[in-house]
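Starting from 1, each residue takes its place in the sequence as its number.
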Amino acid sequence: MTNQHPEQIARDKIDQMLRDAGWDVQEKTVIDFSVGRGQAVKEYNTDIGPADYVLFADGTALGVVEAKKETLGQNITVAEDQTKGYSTANLQWIKDKQPLPFLYQATGVITRFTDQRDPRPRSREVFSFHRPETLKAWHDQNKSLRSRLQEIPALNPDRLRDCQVNAITKLERSFKETRPKALIQMATGAGKTYTAITFIYRLIKFAKAKRILFLVDTKNLGEQAEQEFMAYEPSDDNRKFTELYNVQRLRSSVIPGGHEVYISTIQRMYSILQGNELDESDEQDHPAEHRPRRKEPYPVVYNQKVPVEFFDFIDHDECHRSIYNLWQQVLDYFDAFLIGLTATPDRRTFGFFNQNVVSEYSHQDAVADGVNVGNEIYLIETLISRHGGRIEAQQMVEKRDKETRAKRWDTQDEDEEYSSQQLDQKVVTPDQIRTIIKTFKNTIPEIFPVREEIPKTLIFAKTDSHADDIINIVRDEFAESNQFCKKLTYKIKEDPKSVLAQFRNDYYPRIAVTVDMIATGTDVKPLECLLFMRDVKSRNYFEQMKGRGTRTLEHDDLKKVTPSAISDKTHYVIIDAIGVTKSVKTSSPSLITKPLVSLKDLAMQVMMGDDDPDTVSSLAGRLARLDRQLTAEDQDKIESQTNGKPLASIVRDLFQALDGDHIEARARTIAEVPDTANPGEAAREQACKELVREAAKPLNGKRIDLLVEIRKEKEQTIDHDSRDQVLNVGWDQEMQDQAQRFIEEFRTFLHQNKDELVALTIFFDQPYRRRDITLRMIKEVLNKLKQDAPKLAPLRIWQAYEQLQGHKTMHPKSELTALVALIRKVSGIDKTLNPFGDTVRKNFQSWIMTRHSGKNPKFTEVQMSWLQNIRDQICTSLKFDRDDLNYPPFDQKGGLGKMHQLFGNEMDALIDELNEELVA
């Protein structure tokens with residue numbers, strides 16, 4: 001009969017936890033240091049009384065465990081002084097009087113640990129005991145990790161942005177204060193990963209961190225991180241990071257040794273702790289967006305192959321998505337410092353990291369610093385997008401199979417109204433898609449003036465089927481080839497990575513359509529336009545999607561994929577065709593509250609380890625119903641994915657996993673008791689877990705998707721008769737207000753700098769000297785603008801004027817000439833905003849007419865050609881000098897000598913007159 005005393009129950013649990021961690025639990029009367037790597041000796045005598053456990057490794061006393069009954073867990077910290085007393089007491093038979101460094105208090109439910117060698121010893125809760133070889137290694141080191149953190153040298157700011165220096169400096173201060181969790185909030189595009197690799201490098205080099213986990217929640221993010229580690233070169237060494245330290249991205253259930261940095265998805269780390277394999281298809285999507293949440297997290301148990309102290313630090317990228325509920329236990333398992341990285345935290349993120357926000361660098365900060373570019377919102381609103389549509393009874397309608405896209409025609413039985421939410425799900429209205437795409441095409445000249453090609457555009461679609469419809473209509477409306485517009489999802493036949501690389505680096509494709517593959521965490525720097533044809537309810541997810549367009553890109557790099565670009569990337573445009581910028585957003589993905597859970601949700605839960613009887617039986621019932629609806633072709637599809645195992649067999653295994661007789665038989669095997677004996681509840685629970693796990697083996701992400709697609713309604717209606725119409729097209733009102741703010745800020749900048757910059761002094765205070773302004777002077781203004789106020793780029797301010805005026809002007813040919821025209825407008829020289837080249841040509845025309853009037857001699861055809869070349873030179877360079885005659889196109893026509901031959905002694909006076917009159 002089990003001893004029911006609370007103290008003994010706690011001791012039994014602690015004994016098992018110690019054994020799991022590699023300690024041989026021994027009585028004080030039979031100590032044997034030859035058994036196991038470490039020994040936990042019970043009731044070991046000291047001069048102040050027996051200690052509950054004294055821990056030995058290689059014959060050396062290392063630590064003390066103070067055991068308390070479970071109900072004292074709420075006051076467990078009061079036992080810290082008692083534990084410390086045993087650590088400094090004289091141990092029987094031991095001459096060395098050194099205090100024992102490692103102290104534990106445990107109830108069998110919670111365990112707290114203190115390393116006495118730390119600069120300010122502070123107890124912390126740990127999942128379980130550390131292994132004996134770990135404590136021995138720590139003991140043999142001169143200093144603890146937290147002591148070594150105190151000695152990290154000051155950061156060299158070379159190659160780092162100010163926001164990165166601030167984040168790393170404050171993070172290292174947090175380490176020195178031994179805060180267990182820290183959150184870095186840094187805008188998308190500000191260099192979160194580079195920041196992380198920098199402090200990881202410093203932790204390994206200066207703090208001698210043994211192993212660091214870089215945790216992500218999608219395979220794509222892991223691959224990107226791996227590439228960035230390979231490319232990183234520290235400022236104090238000319239070798240790459242991967243030449244100095246070993247980096248391993250985990251692809252199986254085994255963690256190989258000998259590496260300093262491990263990259264893993266949180267899904268894979270969970271499966272590793274459970275001892276299970278994970279299909280790579282289950283790492284494609286981040287779990288928080290597509291997987292259901294359980295009321296209770298999936299249980300994580302101690303894993304001897306991956307002890308709690310395996311990692312010293314865990315750096316969790318995009319931490320706002322996967323640190324809660326079912327996944328939090330993965331993070332709680334490790335005794336490691338936890339650093340979160342995200343651009344979009346919510347209140348739960350701040351709470352999880354104990355409000356220890358070491359860096360707050362918002363998107364607005366990044367735009368102000370020129371690290372990111374801002375966005376502008378352009379609305380396309382159509383009748384069907386807002387109100388839905390109606391299909392009349394008795395008309396012929398097209399039916400299309402969702403999977404095969406096979407078509408047939410049928411008669412509509414009754415009137416059917418469909419809402420905007422049902423678009424592209426139950427009903428497809430091609431004209432609604434076509435209206436949006438056609439409007440988008442027609443407004444590109446307004447949104448992106450002086451572009452000879454379509455800007456790199458990403459379209460967000462609702463489903464893969466919706467994406468296909470969009471692609472076909474885009475190619476048709478733009479009259480372009482297949483390479484012009486491509487799909488970017490994990491389900492395409494072409495390698496998604498290859499298509500993404502083309503979209504990022506090549507001229508084609510100009511437009512990519514995605515569902516969620518590059519909604520988050522993927523850099524496409526040349527991207528200048530996001531077209532939303534799907535709504536998003538999660539505020540954080542929407543911010544992540546918008547973040548795809550925020551990356552900055554210099555002019556030369558942008559021209560490689562968009563040759564007609566005339567400046568750096570200054571902003572990106574969100575084209576809202578579905579109301580995504582107006583819809584209500586939740587601060588985090590909503591919880592599952594409906595009693596009827598979808599088939600995919602049930603299957604994913606069971607695949608990921610949920611053995612709750614209701615969940616398993618619900619899944620079995622759903623699959624049984626589906627099995628009765630399968631065609632022979634459907635069955636062949638399933639069996640081709642499950643190594644010949646029919647769906648009916650999977651259903652039978654799931655039901656048997658809940659069968660009492662099967663559970664009892666497996667439980668007796670586990671408990672190693674006769675057929676007539678009671679195996680106990682623990683064995684039954686373990687038996688149920690094993691049976692469910694075995695029954696769920698045929699399930700993985702790819703196979704579940706196949707079942708879900710088969711289960712979906714076989715057909716969708718194609719509404720060819722409804723005609724859509726545009727209700728509203730134009731800049732969002734907030735963009736109008738923003739445009740006004742930009743213009744006011746630009747005016748303020750010019751006035752504040754007019755005494756410092758010569759060009760501004762002339763324009764504002766000495767306009768009669770405009771002929772003296774040189775290209776170098778204007779470049780000084782542009783450089784000052786880019787340095788102090790990068791968001792006020794000349795082409796951005798130009799567009800702001802166009803938004804307020806409600807009409808387009810001819811677009812300037814360069815940033816410099818745009819800046820001249822803007823300064824002329826603000827300084828009052830010009831009443832309207834016109835490209836500087838237009839002003840010069842207009843003035844040239846007036847000057848010629850004046851010179852040719854009356855009895856003045858008219859210029860010959862050859863002379864006019866030379867004068868027009870001078871005019872064009874002033875259009876681009878603001879001024880013409882005699883030295884310009886030594887360069888094209890003038891040197892090719894004979895240069896200074898030829899011009900003197902044509903104009904004689906009037907040449908210099910003519911040049912001065914042109915410089916004055918044309919810039920008037």
Side-chain angles (χ1 to χ4, degrees), residues 1-4 8-25 35-36 108-109 127-129 131 252-254 270-279 294 296-307 329 333 602-621 623-624 642-700 703:
M1 182 176 179
T2 305
N3 191 322
Q4 295 301 306
Q8 188 57 47
I9 292 174
R11 298 282 183 106
D12 291 344
K13 292 180 179 179
I14 293 169
D15 286 355
Q16 188 57 51
M17 291 174 66
L18 286 165
R19 293 189 185 100
D20 290 342
W23 298 91
D24 186 64
V25 180
V35 179
V109 175
F127 187 87
S128 188
F129 296 99
R131 295 187 64 81
S252 70
S253 62
V254 177
Y270 167 77
S271 71
I272 288 172
L273 293 177
Q274 293 290 70
N276 298 329
E277 290 289 346
L278 182 73
D279 192 287
R294 296 180 52 188
E296 297 295 332
Y298 296 146
V300 169
V301 297
Y302 185 83
N303 187 316
Q304 295 182 359
K305 295 179 181 179
V306 190
Q329 279 196 18
Y333 177 85
L602 288 170
M604 292 302 300
Q605 288 184 61
V606 172
M607 185 198 78
M608 296 302 290
D610 188 350
D611 58 356
D612 176 68
D614 289 341
T615 303
V616 178
S617 63
S618 295
L619 174 62
L623 293 180
T642 59
N643 297 321
K645 189 166 188 174
L647 183 59
S649 179
I650 297 173
V651 171
R652 184 169 55 253
D653 290 346
L654 288 169
F655 278 126
Q656 287 182 350
L658 301 177
D659 180 74
D661 291 339
H662 283 83
I663 293 173
E664 197 73 9
R666 177 65 65 87
R668 292 194 187 102
T669 302
I670 293 171
E672 298 180 350
V673 297
D675 291 346
T676 57
N678 183 352
E681 283 304 312
R684 291 190 184 94
E685 290 180 8
Q686 182 63 30
C688 184
K689 290 179 185 295
E690 290 182 3
L691 289 169
V692 171
R693 185 185 303 131
E694 291 169 7
K697 277 185 179 179
L699 300 176
N700 61 31
R703 293 165 186 167

Side-chain H-bond candidate by donor/acceptor type, Q16 with D12, under 3.5 Å:
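There is no such pair between these side chains.
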Working to the nearest 0.5 Å, report the span between [atom1] of [X] and [atom2] of [Y].
| X | Y | atom1 | atom2 | result |
| --- | --- | --- | --- | --- |
| L658 | I663 | CG | CD1 | 6.0 Å |
| M607 | L278 | CE | CG | 6.5 Å |
| N303 | D20 | CG | CG | 10.5 Å |
| Q304 | R131 | CD | CZ | 5.5 Å |
| I14 | R19 | CD1 | CZ | 12.0 Å |
| L654 | L699 | CG | CG | 6.5 Å |

Check this for me: K645, atom NZ, are more than 12 non-hydrogen atoms of other residues, nucleotides or ligands nearer than 6.0 Å?
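Atom NZ in K645 is packed in, count exceeds 12.
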Heavy-atom pair with the smallest gap, counting every atom of [X] and [Y]:
| X | Y | answer |
| --- | --- | --- |
| P679 | A671 | O-CB, 3.8 Å |
| N276 | S253 | O-CB, 3.5 Å |
| A657 | A695 | CB-CB, 4.5 Å |
| S128 | Y302 | CB-CD1, 3.7 Å |
| V300 | Q274 | CA-OE1, 4.3 Å |
| G644 | P646 | O-CD, 3.3 Å |

Are K697 and E694 close enough for a salt bridge, meaning some N to O gap below 4.0 Å?
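No, no charged N to carboxylate O under 4.0 Å.
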Which of these, R668, R666, H662, sits in a side chain to side chain contact (heavy atoms under 4.5 Å, CB included) with E664?
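One option only clears the test, and that one is R668.
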Criterion salt bridge (charged side-chain N to carboxylate O under 4.0 Å, His left out) on E681 and R684, from CA distance to verdict
CA-CA 5 Å; E681 283 304 312; R684 291 190 184 94; 3.0 Å; yes
Y270 side chain to M608 backbone, donor-acceptor under 3.5 Å
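Judged by distance alone, yes, a pair lies under 3.5 Å.
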Main-chain N/O of D611 paired with T615 side-chain donor or acceptor, under 3.5 Å
no
Side chain proximity check, E690 to I670, heavy atoms < 4.5 angstrom:
yes
